[in-house]
Amino acid sequence: MAVIVLVEHTEGNIKKKSFEAVQYAANIAQKTGTGVTAVVLGTVAEAEMTALGQYGAQKVLHVADARLDELHARAYASALMTAIQKEDSKVIVTLHDINGRAVAPRLAVKLKAGLVAGALSYPDMANGFVIKKAVFSGKAFAFVNITSDVKVISVMPNTFPLQSIDGKATIEKLEVTFGDKDFGIKVKEVNKVKGEVSLADAELVVSGGRGMKGPENWGLIEDLAKEMGAATACSRPVADADWRPHHEHVGQTGGTIRPNLYVAVGISGAIQHLAGVNGSKTIVVINKDPEAPFFKAANYGVIGDAMEVLPRLTEAVKRFKETHK
Amino acid sequence: MKILVCISQVPDTSTKIILKDNNTAINNQGTTWIINPYDEWYALIKALELKESGIATEVHLVTVGKADVEPVIRKALALGGDEAIRIDADSTDSYQTASYIADYARSVGYELVLCGKESIDYNNGTTGTMIAELLDADYIGFATHIQTEGNTVIVQREIEGGEETDSCSLPAVVSCQKGVAEARIPNMRGIMAARTRPLKVIIPTEVVAVTTILSYELPPAKAGIRLINPDNMDELVELLHTEAKVI
Amino acid sequence: MNATESVNAIKGGEFLIRDTPAASIFIPEEWNEEQLMIAETCTNFLAQHVVPNLNRIDEQEEGLMPHLMEEAGALGLLSISVPEEYGGFGKDFKTSMLVTEKLGAGNSFSVAFSAHTGIGTLPILYYGTEAQKAKYIPKLASGEWKGAYCLTEPGAGSDANSGKSRARLSEDGKYYLITGQKMWITNAGFADVFTVFAKIDNDENLSAFIVEKGFEGLSLNTEEHKMGIKGSSTRQVFFNDCKVPVENLLSERQNGFKIAVNILNLGRIKLGGATIGASKEIITQSVRYANEREQFGRPISKYGAIRYKLAQQVIRTYASESAIYRASQNMEEATEHMVATGMDEIKAKLKGTEQYAIEAAIIKVDASETLDYVVDEGVQIYGGMGYSAEAPMDRAYRDSRINRIFEGTNEINRMLTVDMMLKRAMKGELDLMGPAQKVAGELMSIPDFNAVDEEGLFVKEKKYIANFKKAVLMVAGSAVQKLMAQLGKEQEVLMNLADMLIELYVSESIQLRVEKLVGMRGEEACKEHLDMMRVYVNDAAEKINKSGKEALNAFAEGDERRMMLMGLRRYTKTEDLNTTQARRNIAAKVISENKYCF
């Protein structure tokens, strides 16, 4: 009856957000008096897997098939189904990220299970199995009750702070018989942007809007982001004008992000933009227009010209890093 | 090639969410309804492009909803498409929605099903994947570029930290985002043709929902802003470290 | 619509002496799904192509405006009511009004659009031969060619027929050679086709010609530097023995002035539509700013002084809009009726428009002054930012001002309103005399003190409006009697009379609209609409009283004056109304919706 959790890794390193998913599963396991079985797919070192115990996993089922190093959603789903049957699981946890979103819905269909996509709370089991999630791109939250016997939850990354405990997970090999169609998708080419922080996972984000005047000024945004170790983002008009690549566009019709810190530079803060970023824990707004609506949604505000403020802030971060080495 | 485009009706992006009935429902009075932007701007337009270039033979639009969603379907038809199908049901559960669409799609047989990467109301982004599973088809999500070669669809898509190019054989389901196509404005010819394009209504075999929304909540207001002098960025950095504890 | 209805349909100007049933008017709440889609296309077009480029447009970036016109043409927006055989969509007049309204929010683009689709295209469409139409209309409809209209000259503005441009036949009889100078020509910089007015030889009246850009002898002056609508091309066009093939004479010789007048009738109501579209956009921007801008710790939309302005912007816009679509429907129905009785469609269109020329002039004045009010208060709501060239109000304020000047200045249109009314009475088309005498008789009798006993949502306002009509008939009737032929020279009195007619027509239009709307949606859903109607009619009474008093004091004397002033008071008396509360209710609605929402 163990809670099953899908663990993701990049080239053998388990992602931090997967620890969050494991910890989430452990919370449910504790409430339901069961355990946590993590499912690891592909090539991962034993030590990495054992360490999942620190977040509450008792057991790891490892499918050591190198083909699973890349996302093959149907194969992932097959592997998870094997694990679910083996453990007789009623609750399955994945992340609400690109991989999780490709796999969790398949499991939900296979199991005729209700799915909460993008969980923001642990389930409330006092009256059913109720989980909070963002709707209307963050303009509201819904409390969703899963009414089916089996439950699938995809957990919003960067939502549940990690607390490690002492613990080691035991590792068990899992043999999976894959079907003909499990590897139907052929990956022809991969272009990973090296060295930069991926926006969806970033804890710190520096974002620019129309107030940046033009793409030639983006160096100022990039300098600050580099100094802070932050990812860069932009508002819709900026992406529409092709000043920045579209995957940097955050907002209701772009990406929704929930970093610890969102620094918005020269972004007025239209309702559509706020929707995509208002899950950020701390918001800093830099704008020369004191009437910019974004100031109302911010924790810290700087009224001033971005071209002057940004270099100063970058210098200040540099000084801070030197004194806090 | 026959393409099915999944369309969903959502409140206009500028809509303020107002709750009613003790926070158990959304007050939709005065709401302007639009086609989910990802469905319209990318999935639908891509399908139309494939038809215009002679690759697709027919483009059908499908939505799940009661009669009040028809104006939005006709807006979609004004952009193009040979016919629309409204599956007559009220659903906020992805599994239910996907089952209705998959049942219909199976009955016709489409080579390609296109949908937006998610709807901007419930933000699940799960219906497309579920349809693929129900149809026993491959699914490629977050496409930024789509092309077909014979029986194969080649998709550039977003992955964590970059992009990759995938291919799979048809039938397949692909979810679309920015890059796949350029948004269009319906022209007069399309608007006038929308009335004459067939809009079929299908009564589905009921599928039981596996989730229900019990209540809603609005985000708490921010406690209030602290303004920092633009000449004192050290103070800002210090506050981010000691007070906000984010760096 | 059946034939009997149209026989009974209210004639142009007849609103002064006859009541209109609310059910018979068209109200914008009745737009159908297709029309709303067309409107949305216009709004999206502005949002995607025009608004992001407003600065570039105003800098007259080379090729940008013609490119935008082509984009609009590709969407079909340049040919909404052009017949299908010429590449258009053959939509009704109201739909083309709707498009004009929605694109009216597009600042200079709106001017270029209106000039092209109106004065640039319609003279050829309405008066051209089959060959002329086949040659020019499809290209104008698609936007491939852009149109302009050359009527005004340095010495001939409001007095258009006095122009000095001349045309003479070439020796071989194949060409007209036009010589003259035309001024304030909208779209001149990029137009491919010009409709040019000139007198042939020593004719008394103007003739019209279709002139292509490439015809020998046509040249352009540099761009004018203007207060507003900076993005619209405005130049002088010079004709120096410009060679125009004889087959390019438009309509008959000396028929030009009639063309000009008829096209202006249409242009006036269209201008009304465009200004209302701009008004709505300005209100949305005003309310958004008022909701965002905080002073003394609260958004300024919480303050009564700002709420008053927002409410007043809304009331005036809604009222003007009511009049515009009421008259549009009249024009359309009159046209349909004439077509049904066998008249050629284009002739019927011209006749139908001409029939309501009084209403068109009223609308031109009222809607352009509404927009000027709305932008003025928009600047005020924005406060210091309103005066900054970085905020949108600066452009809106400057762009608005031309509307009171072109398509006939508002002064000319006011005079025309009264003049046309009296001429129709003189010709026996309108029986003003009978009703005017009845009012005079009523003045002698014991007043009924306007006690309104009946119950009903609109009883009071209907009674007030009936009284407004009496007030106008009394003052106008007396003015005609006293001043006789001199009236035409007493321009101040004409202005007073025109203002009274305008207030009457717009009051009645908003009353009828709200009455019809309550019938459709019920009273509960129309609370703010009822408030708008009540405030508007209440204020109209004051204005009619003031104008009437001014007029009477100017020409009447002694007991007669006293008696008429008493009558005027009686006819403009209204019961007490808490207009402050009513305006607060209206403002609260737009503030909560954060946009113009009626």
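Below, all heavy atoms of this structure are taken into account, side chains as well, without hydrogens, waters or symmetry copies. Here is how names work: the chains are called A, B, and so on, in the same order as the sequence lines, proteins then strands, and each is numbered from 1.
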Quick check on A/Ala134 against chain B: is it the side chain, the backbone, both or neither that has a heavy atom closer than 4.5 Å?
backbone
Region of A/Lys112 that comes under 4.5 Å of a non-hydrogen atom in chain B
both
Salt-bridge test for A/Lys181 and B/Asp138: reply yes if a basic N is under 4.0 Å from a carboxylate O, no otherwise.
no
With A/Ala264 via side chain to side chain contact (heavy atoms under 4.5 Å, CB included) - residues at least two apart:
A/Tyr262, A/Ile267, A/Val285, A/Phe294
Verdict with reasoning, B/Lys178 to A/Asp240, per side chain to side chain contact (heavy atoms under 4.5 Å, CB included)
CA-CA 10 Å; B/Lys178 194 159 179 178; A/Asp240 280 353; 2.5 Å; yes
Let's go through B/Val237 and A/Leu313 carefully: what are the C-alpha distance in whole Å and the side-chain angles of both, what is the deciding distance for side chain to side chain contact (heavy atoms under 4.5 Å, CB included) to 0.1 Å, and is it a yes or a no?
CA-CA 8 Å; B/Val237 173; A/Leu313 181 54; 3.8 Å; yes
Please test A/Val109 against B/Tyr95 for side chain to side chain contact (heavy atoms under 4.5 Å, CB included), starting from the C-alpha separation and ending with a verdict.
CA-CA 7 Å; A/Val109 168; B/Tyr95 176 68; 4.1 Å; yes
In terms of heavy-atom proximity below 4.5 Å to chain B, should A/Val187 be classed as side chain, backbone, both, or neither?
both
Using non-hydrogen atoms and a 4.5 Å limit, figure out which bit of B/Ile26 sits close to chain A: side chain, backbone, both or neither.
side chain
Is the backbone of A/Gly254 close enough, under 3.5 Å, to the side chain of B/Tyr38 for a donor and an acceptor to pair up by distance?
yes
Would B/Thr13 and A/Gln252 satisfy side-chain hydrogen bond (donor to acceptor under 3.5 Å, both in side chains), going step by step from the backbone distance to the final call?
CA-CA 7 Å; B/Thr13 55; A/Gln252 194 164 9; 4.8 Å; no
Backbone N or O of A/Val135 within a donor-acceptor pair of the B/Asp121 side chain at under 3.5 Å?
no
Verify the neighbour count for atom CD of A/Glu322: are there more than 12 heavy atoms of other residues, nucleotides or ligands below 6.0 Å?
yes
At a heavy-atom separation under 4.5 Å, does A/Glu308 approach chain B through its side chain, its backbone, both, or neither?
neither
Does any pair with a residue in residues 237-247 of chain B pass side chain to side chain donor-acceptor pair (under 3.5 Å), and if so which ones, sequence neighbours excluded?
A/Tyr300-B/Glu243, B/Arg226-B/Glu243
Derivation and outcome, side-chain hydrogen bond (donor to acceptor under 3.5 Å, both in side chains), residues B/Asn124 and A/Lys133
CA-CA 9 Å; B/Asn124 291 323; A/Lys133 72 167 295 241; 2.7 Å; yes
Contact part of A/Arg101 toward chain B, heavy-atom cut-off under 4.5 Å: side chain, backbone, both or neither?
both
Could you state the interatomic distance from CD1 (B/Ile120) to NZ (A/Lys139), rounded to the nearest 0.5 Å?
6.5 Å
Check each of B/Asn232, B/Asp234, B/Asp231 against A/Arg312 using the side-chain hydrogen bond (donor to acceptor under 3.5 Å, both in side chains) test, and report the only one that passes.
B/Asp231
Derivation and outcome, side chain to side chain contact (heavy atoms under 4.5 Å, CB included), residues B/Lys16 and A/Ile271
CA-CA 8 Å; B/Lys16 267 201 263 178; A/Ile271 185 168; 4.0 Å; yes
A/Ala270 versus chain B, heavy atoms under 4.5 Å apart: side chain, backbone, both or neither?
neither
Does any non-hydrogen side-chain atom of A/His247 lie less than 4.5 Å from one of B/Thr144?
no
Are the side chain of B/Thr211 and the backbone N or O of A/Ile146 linked by a donor-acceptor pair below 3.5 Å?
no
Portion of A/Ala73 that has a non-hydrogen atom of chain B nearer than 4.5 angstrom
neither
Quick check: closest heavy atoms across B/Ile17 and A/Ala140, and the distance to 0.1 Å?
CG2-CB, 4.0 Å
Using non-hydrogen atoms only, which part of A/Thr323 is less than 4.5 Å away from chain B: side chain, backbone, both, or neither?
neither
Check whether A/Asn145 reaches the backbone of B/Thr212 with its side chain - one donor and one acceptor, N or O, closer than 3.5 Å.
no
Does any heavy atom of chain A fall under 4.5 Å from the side chain of B/Ser94, the backbone, both, or neither of them?
neither
Can you tell if the side chain of B/Leu240 reaches within under 4.5 Å of the side chain of A/Phe320, non-hydrogen atoms only?
no
